[in-house]
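Values below: every heavy atom of this structure, side chains too, minus hydrogens, waters and symmetry copies. Lettering of chains follows the sequences in order, A, B, ..., and the numbering in each one begins at 1. For clarity, every value in this text was computed on a predicted model and none was experimentally measured.
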Amino acid sequence: MEKYTQFTGIVAPLDRANVDTDLIIPKQFLKSIKRTGFGPNLFDELRYLDEGQPGQDSSQRPLNKEFVLNLPRYKGAQILLARRNFGCGSSREHAPWALTDFGFRTVIAPSFADIFFNNSFKNGLLPIVLSEEIVDQLFNEVAANEGYKLTVDLANQQIVKPDGEKIPFEVDEFRKHCLINGLDDIGLTLQDADAIKIYESKRRQESPWLFDAIK
Amino acid sequence: MAGKTLYDKLWDAHLVKQRDDGTALLYIDRHLLHEVTSPQAFEGLRFAGRKPWRLDANLATPDHNVPTTDRSGPIEDEVSRIQVQTLDDNCDEFGIVEFKMHDLRQGIVHVVGPEQGATLPGMTIVCGDSHTATHGAFGALAHGIGTSEVEHVLATQCLIQKKMKAMLIKVNGKLGAGVTAKDVVLAIIAKIGTAGGTGYAIEFAGDVISSLSMEGRMTICNMAIEAGARAGMVGVDDKTIAYFEGRPYAPKGANWDKAVQYWKTLHSDTDAKFDAVVELNGADIEPQVSWGTSPEMVVAIHETLPDPAAEKDPVKAEGMVRAYQYMGLKPGMKMSDVVPDRVFIGSCTNSRIEDLRAAAAVAKGRKVSSKVKQAMVVPGSGLVKQQAEAEGLHKIFIEAGFEWREPGCSMCLAMNADRLGDGEHCASTSNRNFEGRQGYGGRTHLVSPAMAAAAAVSGHFVDVRSLQEV
Ligand code: SF4
């Protein structure tokens, strides 16, 4: 995973609650066996006027000109501003893959669904929880100011507004450490291989039926 | 010291290491795999030159992309075919047991696990699928994971976790006649909302839950994720234990006795403390139907559809307006005014034998209405299909005008050829009514199997109890 560095990016507002994973990336695109290339189909049903098919050249499709990500002022957005319960629904990691492939590096919302939240960190996408009031205020500021940008400073756990105001946010120590250093979870866990083996042999003794049944 | 919740017990029993940063390494006993969320994980293993930590902890079966019609030829859709083939190839290459498409045991992964005894009480069970919560019905800690975690579990047999909070949902008293597990869970979601369980592991308890069959408990735990909770669970009782006797992967002989002794401890202590408690009265629950595009947008069959103007929360009200637009419905309407273009009985929520029996009981001697374009029954596994056929249920369905299909996820998420047309309404026993879930522009109404069958034969949504009275 790439290291997560401080950046300043355009904010795109997605003003609806309960954005589910089917909306983020519809199921027909889950048939891919790759991790990349989902960006053109992010929010497919909202972005285009026709029904998308996997493998299709999306640049030729009719755009929904009113959808926020199609508005010229949000071109190149790296920060998605959203409402509560973002990412609810399925466990598909294709959702964060599509968001990062599109170019997003962070999603700000009052709350996230658990699995999506967890999947995001594993893919260099930082989900930031802010209060409903602050999110509301950000929606207003984004609407009022074309080219509105925020700086995301993970190391200091703060968002910096154009006027210099700092908004602090919480992030789990371990997840922050992994993001900043671009660490792979598996490598870290395997440093504890001995502890896993000790646990496993104890478990095998206590509950032998959990082993060797399926083969 | 307060007693332990079931979740505490399961957590403690699987703790490999508590780290200083608040995370924990949790051991995973069982890992189920399907074709959609695993290819990139296997690719990752290969790329890093890693091998699965333990082969015998894994079980795979294709379900999302398999056709539910004749399977004698290859899968027609090329992308689906490649994905199923990739699972086959990966399992062969790494040595993981897989029930391939033509295996009688193939089916929806959450139906297959318990059926085979691959799911057992006291286990930690994960799968790259959010409805893994289903397996919690057996007193297990089961939840969905993403593809990175699928790779992590394959490589290390562990997950990095933080303990969730514990919620108790108690459904007291008794259900009325004709009210099923699906109605109970829809009523729960309507009450606490789709984010009500976020951050929690939910334990379902109370007399109503105890009186349910294991199938019914699976239906409830299955939809814990629709209430925002990654894991749902029910404590072990005699029904749980009886369910596993003779299952292929369940313990035998002395191991069985030892296992049963342990399983009997898998319930919350009477003095256990929960972070949140929600109570419902079983007698108040009526047959439910979802009207909108979120599983919390649900009404009892006799209620009129709610008015967004009466909703105090502006974010919610706006969601309702959007849902009405998408669904082509209006506040104040009754669900009995809605004609389902298609009826789908299946999915990991409601495709087990008990579900098919309930639907068949309603379909028996009746005909699918001419207003309904298609009504289909998709069993959850090859073994469920075989059992249903042994009981003659398929004949009842076919005579009534339902299609009798091969097992898989089918129209639950429409990754195979089974899907809704633009604007079509569907009475569906699945679990999600999101926009486009069952097909582009499709309009899903979540109901129980009996309610789905009743809608099929009536040509509109209807209180199934009016068909059940003698
Ligand atoms: S039946 Fe539906 S919800 Fe269940 S695993 Fe298949 S696609 Fe997912």
(message) So, taking the atom named CZ in A:Arg204 and the one named CH2 in A:Trp209, what distance separates them when rounded to the nearest 0.5 Å?
(response) 13.5 Å

(request) Select, from B:Met164, B:His143, B:Gln83, B:Lys316, the one with the greatest count of heavy-atom pairs under 4.5 Å involving chain A. (result) B:Gln83

(request) Below 4.5 Å from any heavy atom of chain A, which atoms of B:Thr86 appear? Answer side chain, backbone, both or neither. (result) side chain

(request) Would you mind checking which part of B:Ile145 comes under 4.5 Å of any heavy atom in chain A, side chain (CB onward), backbone (N, CA, C, O), both or neither? (result) backbone

(request) With a 4.5 angstrom heavy-atom cut-off, could you sort out which part of B:Lys17 is near chain A: side chain, backbone, both or neither? (result) side chain

(message) What I want to check is whether the side chains of A:His94 and A:Arg35 have a donor and an acceptor closer together than 3.5 Å.
(response) no

(request) Classify the side-chain pair A:Glu141/A:Asn145 by whether it contains a donor and acceptor separated by less than 3.5 Å. (result) no

(request) Give, as side chain, backbone, both or neither, the part of A:Arg175 having an atom under 4.5 angstrom from any heavy atom of chain B. (result) neither

(message) So does B:Gly292 get a backbone contact from the side chain of B:Asn433, meaning a donor-acceptor N/O pair under 3.5 Å?
(response) yes

(message) Between B:Asn90 and chain A, with a heavy-atom cut-off of 4.5 Å, which part of the residue counts as in contact: side chain, backbone, both or neither?
(response) neither

(message) Using heavy-atom distances under 4.5 Å, tell me whether A:Leu23 contacts chain B through its side chain, its backbone, both, or neither.
(response) side chain

(request) Could you tell me which portion of A:Lys215 (side chain, backbone, both or neither) has an atom closer than 4.5 angstrom to a non-hydrogen atom of chain B? (result) backbone

(request) Check the pair A:Phe86, A:Phe116 against ring-ring contact (aromatic ring centres under 6.0 Å, His included), reporting the backbone distance first and the verdict last. (result) CA-CA 8 Å; A:Phe86 187 88; A:Phe116 174 83; 5.3 Å; yes

(request) Can you tell which part of B:Thr23 gets under 4.5 Å to a heavy atom of chain A, answering side chain, backbone, both or neither? (result) side chain

(request) Compute whether any side-chain donor of one residue and acceptor of the other, for A:Thr21 and A:Ser90, lie under 3.5 angstrom apart. (result) yes

(message) Has A:Tyr4 got a side-chain atom pairing as donor or acceptor with A:Ala155's backbone, closer than 3.5 angstrom?
(response) no

(message) So if I take each residue of residues 127-138 of chain A and look for any heavy atom under 4.5 Å from a heavy atom in chain B, which residues do I end up with?
(response) none

(request) Output yes when a side-chain donor or acceptor of B:Asn58 lies under 3.5 Å from a complementary backbone atom of B:Ile96, and no otherwise. (result) no

(request) Please check if the side chain of A:Asp114 supplies one atom and the backbone of B:Gly199 the other of a donor-acceptor pair under 3.5 Å. (result) yes

(request) Mind checking the CD-CG spacing from B:Glu226 to B:Asn431? Nearest 0.5 Å is all I need. (result) 5.0 Å

(message) When you measure from the side chain of B:Glu35 to the backbone of B:Leu87, do you find a donor-acceptor pair of N or O atoms at a distance under 3.5 Å?
(response) no

(request) Below 4.5 Å from any heavy atom of chain B, which atoms of A:Asn18 appear? Answer side chain, backbone, both or neither. (result) side chain

(request) Side chain from CB out, backbone as N, CA, C, O: work out which of these in A:Phe117 comes under 4.5 Å of a heavy atom of chain B, or both, or neither. (result) neither

(request) Please flag which part of A:Lys34 lies under 4.5 Å from any non-hydrogen atom of chain B: side chain, backbone, both or neither. (result) backbone

(request) Assess the side chains of B:Asn65 and B:His34: does a donor N or O sit below 3.5 Å from an acceptor N or O? (result) no

(message) Please classify the contact of B:Phe42 with chain A as side chain, backbone, both or neither, using a heavy-atom distance under 4.5 Å.
(response) neither

(message) At a heavy-atom distance under 4.5 Å, which candidate from B:Arg432, B:His131, B:Glu435 has the highest pair count against chain A?
(response) B:Arg432

(request) Verify, without hydrogens or angle tests, whether B:Gln157 (side chain) and B:Ile28 (backbone) share a donor-acceptor contact under 3.5 angstrom. (result) yes

(request) Give, as side chain, backbone, both or neither, the part of A:Ala95 having an atom under 4.5 angstrom from any heavy atom of chain B. (result) neither

(request) Look at the side chain of B:Glu318 and the backbone N and O of B:Val315, then say whether any donor-acceptor pair between them is shorter than 3.5 Å. (result) no

(request) Determine the option with the most heavy-atom pairs under 4.5 angstrom with chain A, choosing from B:Glu43, B:Glu151, B:His64. (result) B:Glu151

(request) Check whether B:Gln438 gets within reach of chain A through its side chain, its backbone, both or neither, counting any heavy atom under 4.5 Å. (result) backbone

(request) Check each atom of B:Lys162 against the heavy atoms of chain A and say whether the ones under 4.5 Å are side chain, backbone, both or neither. (result) side chain

(request) Examine whether an atom of A:Gln28 lies under 4.5 Å from a heavy atom of chain B, and if so say whether it belongs to the side chain, the backbone or both; otherwise answer neither. (result) neither

(request) Classify the angle between the aromatic ring planes of B:His14 and A:Tyr199 as parallel (below 30°), tilted (30 to 60°) or perpendicular (above 60°). (result) tilted

(request) Considering only heavy atoms, give the residues of residues 176-185 of chain A separated from chain B by less than 4.5 Å, sorted numerically, with 'none' for an empty result. (result) A:Asp184, A:Asp185

(request) Side chain from CB out, backbone as N, CA, C, O: work out which of these in B:Asp77 comes under 4.5 Å of a heavy atom of chain A, or both, or neither. (result) side chain

